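Just below is one structure, and these are the notes that go with it.
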Amino acid sequence: MTVMEQRGAYRPSPPPAWQPRMDPAPLLPDAEPHRVLGTEAIAKADPGLLRRLYTELVRGRRYNVQATALTKQGRLAVYPSSTGQEACEVAAALALEERDWLFPSYRDTLAVVARGVDPAEALTLLRGDWHNGYDPYAHRVAPLSTPLATQLPHAVGLAHAARLKGDDVVALAMIGDGGTSEGDFHEALNFAAVWQAPVVFLVQNNGFAISVPLAKQTAAPSLAHKAVGYGMPGRLVDGNDAAAVHEVLSDAVRRAREGGGPTLVEAVTYRIDAHTNADDATRYRGDAEVEAWRAHDPIRLLEQELTERGLLDDAGVEAARQDAEEMAAALRERMNRDPELDPMHLFDHVYAETTAQLREQRALLRAELEAEQDEQEGGRR
Amino acid sequence: MTVMEQRGAYRPSPPPAWQPRMDPAPLLPDAEPHRVLGTEAIAKADPGLLRRLYTELVRGRRYNVQATALTKQGRLAVYPSSTGQEACEVAAALALEERDWLFPSYRDTLAVVARGVDPAEALTLLRGDWHNGYDPYAHRVAPLSTPLATQLPHAVGLAHAARLKGDDVVALAMIGDGGTSEGDFHEALNFAAVWQAPVVFLVQNNGFAISVPLAKQTAAPSLAHKAVGYGMPGRLVDGNDAAAVHEVLSDAVRRAREGGGPTLVEAVTYRIDAHTNADDATRYRGDAEVEAWRAHDPIRLLEQELTERGLLDDAGVEAARQDAEEMAAALRERMNRDPELDPMHLFDHVYAETTAQLREQRALLRAELEAEQDEQEGGRR
Amino acid sequence: MTTVAVKPATMAQALTRAMRDAMAADPTVHVMGEDVGTLGGVFRVTDGLAKEFGEDRCTDTPLAEAGILGTAVGMAMYGLRPVVEMQFDAFAYPAFEQLISHVSRMRNRTRGRMPLPITVRVPYGGGIGGVEHHSDSSEAYYMATPGLHVVTPATVADAYGLLRRSIASDDPVVFLEPKRLYWSKDTWNPEQPTEVEPIGRAVVRRAGRSATLITYGPSVPVCLEAAEAAQAEGWDLEVIDLRSLVPFDDETVCAAVRRTGRAVVVHESTGFGGPGGEIAARITERCFHHLEAPVLRVAGFDLPYPPPMLERHHLPGVDRILDAVARLQWEAEG
Amino acid sequence: MTTVAVKPATMAQALTRAMRDAMAADPTVHVMGEDVGTLGGVFRVTDGLAKEFGEDRCTDTPLAEAGILGTAVGMAMYGLRPVVEMQFDAFAYPAFEQLISHVSRMRNRTRGRMPLPITVRVPYGGGIGGVEHHSDSSEAYYMATPGLHVVTPATVADAYGLLRRSIASDDPVVFLEPKRLYWSKDTWNPEQPTEVEPIGRAVVRRAGRSATLITYGPSVPVCLEAAEAAQAEGWDLEVIDLRSLVPFDDETVCAAVRRTGRAVVVHESTGFGGPGGEIAARITERCFHHLEAPVLRVAGFDLPYPPPMLERHHLPGVDRILDAVARLQWEAEG
Ligand SMILES: Cc1ncc(C[n+]2csc(CCOP(=O)(O)OP(=O)(O)O)c2C)c(N)n1
Ligand SMILES: Cc1ncc(C[n+]2csc(CCOP(=O)(O)OP(=O)(O)O)c2C)c(N)n1
Ligand SMILES: [Mg+2]
Ligand SMILES: [Mg+2]
């Protein structure tokens with residue numbers, strides 16, 4: 001039996017005998033985003049996990065701050081900060097098993113790092129010495145995808161391939177609210193549902209696509225409601241509640257792993273910083289909105305909860321801070337070193353074997369560089 | 001106030017105060033496709049309209065049969081028949097006012113003709129003497145679109161432009177079940193909903209995209225359920241019930257015209273003929289299925305209803321048949337004449353002004369044709 | 001496998017056989033696309049594969065080209081070798097972003113760690129009476145995209161050999177299948193398919209001393225016909241079948257042009273911005289002092305592909321090729 | 001309108017001014033794209049337009065390039081003149097199908113009845129330290145597509161004039177804006193914008209007798225710099241700014257090459273399959289006996305656009321241009 005045949009077929013029956021179709025009700029998201037912190041659901045949460053989340057959130061925030069600082073020092077070409085969205089970034093990484101795959105969007109450096117990728121290698125793209133800095137196979141993390149939504153079909157294909165091979169691997173793909181408008185989002189979700197591929201789609205609805213607010217991006221009741229049009233469940237979650245995001249993602253991952261098919265998760269969050277260091281957010285939003293969201297800060301929410309429940313004390317806060325500072329210092333130190341650059345590498349990975357044509361061009365560049373060198377050493381051209 | 005500002009914004013509010021979002025319930029299609037024929041709803045139907053629909057269905061069927069015959073005689077390069085789908089084709093054309101626009105897919109020659117386009121000019125693309133044969137502005141019918149789903153954003157843009165100009169024009173865009181998988185479908189529906197453009201999307205779910213059955217195309221409860229993900233209502237209708245399709249489309253057109261925004265309509269129907277004359281449908285479906293659908297034939301359904309209600313007698317049936325035969329005879333006669341071909345026209349409409357480059361190439365072709373002529377007349381090259 | 005004739009075979013059959021043999025030899029080879037499974041493709045090129053290897057190996061996908069190629073990328077990331085069918089040339093355009101932004105660059109982006117061994121089969125070209133969007137020659141787009149190989153067969157044997165090579169390649173290959181040669185026949189024996197040289201080698205299809213016709217895919221038979229006809233005019237024309245536009249075989253091409261001193265590039269694709277410009281320019285750069293005349297081009301006119309009833313005026317035919325040969329400044333020779 | 005400086009102005013300001021003036025003169029002109037409204041575009045090229053003309057005339061669209069261009073097609077069908085911004089070159093690829101299959105062909109398809117006066121503004125090229133997908137030069141794709149005009153300014157005045165001409169054109173225009181010249185300044189006076197010639201005319205930016213550099217867009221200033229530097233070597237170089245790749249100005253280009261007998265085509269786009277092949281081939285076809293040496297090309301290497309820290313090695317610079325000039329077989333002159 002093929003994968004295709006495993007699930008019931010949706011077919012228009014010859015009227016007048018209309019067959020009742022799948023009931024859409026279970027696919028629809030709840031009216032309210034799921035929350036755990038500050039609700040009764042917290043009782044079931046694993047304290048170890050909560051503490052782990054806390055440490056990672058603090059590290060994540062520190063990472064965002066450090067990377068932003070590095071742009072000011074000219075050490076990074078650009079940095080799209082995920083400050084305010086750390087709960088989503090961290091939970092996405094932590095909800096996966098080692099054998100699973102993460103497909104980050106361009107804003108998700110933090111999720112990549114939380115998954116175990118070297119914090120400096122994760123920044124190669126944004127530093128600009130190469131496109132992708134890490135080995136995607138080392139931690140099963142696809143390259144950060146600059147073209148929006150395009151990495152979603154990759155996640156579906158990979159998950160499908162794993163399933164065909166009999167591996168119980170799940171792929172988690174990340175995207176922003178703006179990215180959901182792209183055709184690739186649609187095609188990926190449809191393929192995933194038709195193939196019942198083990199994929200989880202995480203939409204971080206942070207309110208904006210650069211300057212464009214969600215109201216200009218969609219008229220849907222919520223982005224999670226898009227799920228029903230593909231025949232997969234949609235889930236809404238408070239994206240600043242790390243425990244809630246982790247729970248919803250873990251459920252979706254489990255469901256996918258067990259053959260239950262894909263899930264679409266919308267995490268409602270907010271981008272506290274500008275789009276990137278190059279952006280001027282005051283052009284399109286007011287301070288009041290930002291302040292309201294600062295009050296709903298993911299770290300503060302978790303810290304409050306942990307403190308109230310006696311799971312975190314001053315020493316714990318300090319330890320997390322300390323750990324984050326060490327990470328930041330190491331990162332700073334790494335990033336302050338100039339990357340090793342060899343222009344000859346330009347020609348190395350265009351094809352499996354460098355073509356005669358590229359060998360010619362490599363020779364040209366080598367001659368130029370030698371001439372440059374001679375000039376610098378000798379004095380005249 | 002701009003168009004953008006006219007509708008309420010969907011914005012994630014800063015948790016913890018979650019604003020209740022739009023209720024999705026009114027957007028969801030009914031569990032059963034809407035029907036009129038053979039139900040109590042028929043009581044409200046306009047007898048004149050029903051008779052008009054009948055005449056058009058009979059003409060439409062005859063048109064399909066005639067065009068298919070023309071392919072066998074080599075008069076058409078290809079013909080994608082809409083036999084079995086005439087109710088959708090006809091109702092789509094009749095639901096529109098003169099000032100409205102129709103955006104047909106490649107299978108919708110019939111809708112184009114029912115809208116008033118010359119039956120022979122509508123076949124130019126498929127005969128092959130030019131791409132599009134009719135003036136799109138004469139009857140406000142866009143060219144038949146070969147690349148699937150690509151005409152949907154055009155419909156949205158046109159409807160939006162009309163609205164910006166203050167014209168109460170509605171655009172109706174047609175697409176197949178397979179076409180809904182394309183990214184352009186998604187982007188068009190999203191733009192339409194965000195702009196609240198006066199567009200109606202009609203999906204003819206005829207069970208197949210060439211050989212691919214719906215179960216391999218989508219896992220959704222229905223295609224109409226896709227509407228909710230854009231924030232527009234989805235409607236399901238029995239696509240072989242001409243009265244029902246006309247009613248649902250007319251409602252959607254009225255709603256759009258009144259500023260209520262777009263609607264997605266899924267008409268459940270069946271393609272009785274092969275995909276085109278070049279296709280072999282026995283490779284992917286059985287006779288039993290086809291026969292079951294033949295029993296639900298749109299013409300028969302309407303004929304039965306009209307006869308039972310005393311709105312149609314033998315003379316009426318004969319008159320419709322007669323009318324259709326005349327149309328077919330005239331079409332045959334027109335199509336049996338060779339089209340006038342002038343290769344020089346190749347260069348006429350590439351740009352508003354023919355470029356120097358194309359003038360050179362035109363001169364080359366002219367010289368070639370003259371040499372050919374000389375050769376034919378003179379004897380040697 | 002009943003669909004492959006013993007001999008003579010059509011190009012379509014050779015392509016089917018290539019996929020079949022590749023799938024049999026390597027379980028990671030997966031065929032996917034619109035209608036490729038149950039139907040066997042609208043040109044029947046994948047006929048029988050779903051039956052023999054199951055629908056998970058030869059899959060009818062949803063109707064969405066970006067989705068097809070995009071999921072193929074993911075499958076390749078996980079170690080599969082997807083062979084993707086685009087139903088017609090113009091219907092590959094929705095997949096353009098995936099092709100340009102990911103397929104062609106993933107190896108480079110990841111410093112060789114994540115190669116994408118994907119074959120994208122694209123039936124291309126005209127001459128089959130197809131309505132709009134069914135006869136495009138889109139090779140210029142692919143040629144201008146580093147990271148892709150661009151391969152196109154002109155014979156039955158090459159169809160088999162080059163497709164096997166393409167599927168086996170660790171780089172992405174855009175495999176352009178000349179639609180109007182699908183039903184061309186040859187006495188190629190599918191039971192003993194000849195090995196072909198690696199991708200990137202042109203072949204001299206006809207030796208000649210007067211001038212060199214440089215061509216590929218659907219125009220190869222036309223050029224051979226022109227070469228035959230040219231004998232009557234006293235010209236002994238050489239015909240080179242490029243077989244691969246990327247990599248480009250400068251060696252074979254330049255050796256020929258240096259011998260004959262005259263060259264015409266022939267292709268269906270529009271002339272302006274088409275492959276011929278690149279080919280003529282590189283020949284001229286490399287063989288300038290051997291040229292008795294500029295390298296000329298015979299190509300489709302610079303217009304959208306015409307409707308079927310007019311396509312014969314657009315396509316490079318024997319007369320137009322011979323007219324170009326006549327313009328190669330023979331008087332200069334003495 | 002406070003954002004346009006009086007003098008000197010940047011190219012970005014001239015472009016803004018062109019749209020502003022076009023919108024003021026013609027109520028059917030509509031600007032649309034990602035972030036073009038409230039933000040004024042990521043390069044601020046649409047700055048102030050939404051404020052002055054309202055959001056219905058300068059519209060922030062949903063994030064979907066095919067949808068943007070596709071809806072622009074429909075708007076054009078209804079008599080509007082959409083000016084579409086693609087945020088970066090590589091992000092125009094999702095709109096490729098709409099551009100190739102509809103925008104370029106609608107006039108031809110409908111025998112001239114349904115022209116599509118759409119301007120597609122695409123910031124292109126590198127040299128700005130952009131990360132992957134932010135520095136592509138995609139002009140070869142557009143050049144190979146009949147039905148499109150392809151226009152690209154190199155000066156502040158041309159930016160204004162050519163954009164006005166493009167918006168006024170009844171044909172679709174791909175308007176390529178050299179990103180790294182956005183902030184280039186000139187003493188152009190926005191209050192008295194000079195008229196430019198119709199689209200399709202190249203201009204001699206620098207007269208010279210030794211050899212002709214043929215270039216466009218971002219490479220124009222580089223070539224002018226090279227021409228200055230060449231004086232030290234005894235070469236008097238001519239520099240031609242094409243301004244429009246389609247239509248191509250054979251007249252101006254060939255007149256120059258016939259004068260100098262030597263030519264180098266310079267562009268950032270990859271060499272293989274790039275615009276230079278076409279340009280070199282047509283020059284050679286038309287001016288063969290005037291050429292003292294083959295037309296050479298200096299272009300980006302045949303690889304995906306490199307990461308920012310390596311881009312300077314990829315981009316054609318003064319030295320690489322002069323090296324090519326040196327290879328123009330001067331010894332043959334005697
Ligand atoms: C296909 C494509 N189009 C445009 C862009 C340019 N761009 C980069 S980020 C961005 C906004 C993304 O918004 P969203 O998806 O909400 O993600 P966020 O930035 O909020 O994380 C845009 C338009 C791009 N990267 N890819
Ligand atoms: C973009 C694109 N991809 C592929 C095709 C080839 N093609 C023509 S019709 C068809 C099936 C269409 O199925 P559906 O949308 O259900 O419409 P139907 O034929 O049933 O009317 C396909 C794949 C096309 N025309 N356009
Ligand atoms: Mg966002
Ligand atoms: Mg269908």
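Since we're looking at a predicted model, the values are computed, not measured. So you know, we letter chains A, B, ... as the sequences are listed, proteins then strands, and number each from 1.
- When heavy atoms are compared at a cutoff of 4.5 Å, Thr146(B) does not approach chain D at all.
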Give the C-alpha distance, both sets of side-chain angles, the deciding distance and a yes or no for side-chain contact (heavy atoms from CB on, under 4.5 Å) between Tyr78(D) and Val169(B).
CA-CA 11 Å; Tyr78(D) 204 79; Val169(B) 164; 3.6 Å; yes
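- Residues from residues 178-190 of chain B that place a non-hydrogen atom less than 4.5 Å from a non-hydrogen atom of chain D comprise Asp184(B), Glu187(B), Asn190(B), given in numerical order.
- When side chains are defined from C-beta on, Pro153(B) counts as touching Gln98(D), because their heavy atoms get closer than 4.5 Å.
- Across all their heavy atoms, Pro143(B) and Met106(D) have their closest contact at CG-SD, 3.9 Å.
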Report the C-alpha distance between Arg111(D) and Asp348(B) in whole Å, list the side-chain angles of each, state the deciding distance to 0.1 Å, and finish with yes or no for side-chain contact (heavy atoms from CB on, under 4.5 Å).
CA-CA 8 Å; Arg111(D) 288 195 173 104; Asp348(B) 284 354; over 6 Å; no
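- Neither the backbone nor the side chain of Ala155(B) comes within contact range of chain D; no heavy atoms are under 4.5 Å apart.
- Proximity to chain D (any heavy atom under 4.5 Å) is restricted, for Leu346(B), to the backbone atoms N, CA, C and O.
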side-chain contact (heavy atoms from CB on, under 4.5 Å) between Trp130(B) and Asn108(D): does it pass, once the steps are laid out?
CA-CA 9 Å; Trp130(B) 200 258; Asn108(D) 186 253; 3.8 Å; yes
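- From Thr355(B), atom OG1 reaches atom CG of Asp171(D) across 10.0 Å, with rounding to the nearest 0.5 Å.
- Checked options Thr71(D), Leu116(D), Val73(D); the residue passing with His154(B) is Val73(D) (criterion: side-chain contact (heavy atoms from CB on, under 4.5 Å)).
- Remark: Arg282(D) does not engage Glu360(B) in a salt bridge, criterion side-chain N to carboxylate O under 4.0 Å.
- In this structure, the portion of Phe103(B) lying under 4.5 Å from any heavy atom of chain D is its side chain and not its backbone.
- A pairwise comparison of heavy atoms in Phe191(B) and Gly67(D) identifies CZ-C, 3.6 Å as the closest pair.
- Contact annotation for Tyr137(B): only side-chain heavy atoms (C-beta onward) come within less than 4.5 Å of a heavy atom of chain D.
- Interface summary for chain B: among Asp249(D), Thr28(D), Ile68(D), Asp170(D), the most heavy-atom pairs under 4.5 angstrom belong to Ile68(D).
- The CG atom of Asn132(B) lies 8.5 Å from the CE atom of Met114(D); values are rounded to the nearest 0.5 Å.
- Contacts with chain B were tallied for Leu69(D), Leu148(D), Asp250(D), Thr61(D); Leu148(D) has the most, counting heavy-atom pairs under 4.5 Å.
- Under the 4.5 Å side-chain criterion, counting only non-hydrogen atoms from C-beta, Leu80(D) is in contact with Lys165(B).
- For the atom pair His160(B) NE2 and Asp56(D) CG, the distance stands at 6.0 Å (nearest 0.5 Å).
- Summarising the geometry, atom CG belonging to Asp135(B) is positioned 5.0 Å from atom CZ belonging to Arg113(D); distances are rounded to the nearest 0.5 Å.
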